[in-house]
Amino acid sequence: MVAGDGKFRFAIDRGGTFTDVYALCPGNKVRVMKLLSVDPANYPDAPREGIRRIMESETGISMPQDHPIDTTKIEWIRMGTTVATNALLERKGERMALLSPFLSSSAFVATVVPIRIHSIFVVSMG
């Protein structure tokens, strides 16, 4: 897979302890970085910091933490989290329900589906 138009592609897994950042950089170079998910003394947001560090290193352009990242150099970012999944598997956290609105021929209907430990929910954003 070649990064299109000289842009970066990022795949990020934000866990409770660590955030892993995988980058396919322009020129097909692969970079991997692991950061603490919470480290307020050094950065406010681990995924953003991983992206910033990799782009700064690969482009040679200074990208201060307090400035927006130039997203014109990014083709896509895919991000997942194990935090919620682990909470479900470990049965930690508050009781929850999934609200699933849909349109019927007669009216808008909202159904409530209890989230159970054996249930798997897949969300597609496009």
Side-chain angles (χ1 to χ4, degrees):
M1 183 175 359
V2 177
D5 299 324
K7 294 186 177 189
F8 290 85
R9 294 176 175 177
F10 292 96
I12 302 170
D13 174 35
R14 190 198 181 288
T17 304
F18 292 104
T19 294
D20 297 295
V21 181
Y22 169 93
L24 182 59
C25 304
N28 243 13
K29 183 176 180 182
V30 173
R31 293 282 309 268
V32 179
M33 180 171 290
K34 182 180 283 284
L35 297 167
L36 288 170
S37 292
V38 179
D39 191 0
N42 293 302
Y43 45 82
D45 181 71
R48 182 186 187 285
E49 181 64 13
I51 291 169
R52 187 192 70 77
R53 287 183 187 183
I54 289 171
M55 289 181 66
E56 185 174 70
S57 172
E58 290 299 310
T59 64
I61 299 169
S62 176
M63 297 184 181
Q65 283 185 338
D66 59 343
H67 287 74
I69 291 173
D70 180 4
T71 58
T72 63
K73 296 180 182 342
I74 299 172
E75 185 173 350
W76 50 252
I77 300 171
R78 307 258 161 74
M79 190 163 144
T81 179
T82 56
V83 175
T85 304
N86 289 346
L88 283 173
L89 293 174
E90 296 168 6
R91 296 179 182 253
K92 292 181 179 176
E94 298 298 318
R95 292 178 56 98
M96 305 170 75
L98 173 67
L99 295 177
S100 176
F102 63 92
L103 293 174
S104 68
S105 58
S106 60
F108 174 83
V109 180
T111 56
V112 177
V113 180
I115 296 178
R116 303 201 191 287
I117 197 69
H118 61 274
S119 299
I120 297 174
F121 297 94
V122 177
V123 178
S124 174
M125 300 304 285

Could you list the residues that satisfy side chain to side chain contact (heavy atoms under 4.5 Å, CB included) with [X], not counting sequence neighbours?
{"X": "P40", "result": "V38"}
{"X": "R48", "result": "D45, R52, I69"}
{"X": "D39", "result": "L36, A41, N42, Y43"}

Exercise: identify the closest heavy-atom pair between I61 and E56: O-CG, 3.3 Å

Separation of F10 CZ from Y22 OH (nearest 0.5 Å): 11.5 Å

Separation between CE of M63 and CE of M55, rounded to the nearest 0.5 Å: 4.0 Å

For residues 12-21, dump all side-chain donor-acceptor pairs below 3.5 Å to protein atoms at least two apart in sequence or in another chain.
residue : atom : partner : partner atom : Å
T19     : OG1  : S37     : OG           : 2.9
D20     : OD1  : K34     : NZ           : 2.8

Set of side chain to side chain donor-acceptor pair (under 3.5 Å) partners for S57, sequence neighbours left out: R31

For Q65, all residues meeting side chain to side chain donor-acceptor pair (under 3.5 Å), sequence neighbours excluded: E49

Close side-chain approach of I74 to I51, heavy-atom, < 4.5 Å: yes

E58: which of K29, R53, K73 passes salt bridge (charged side-chain N to carboxylate O under 4.0 Å, His left out): K29

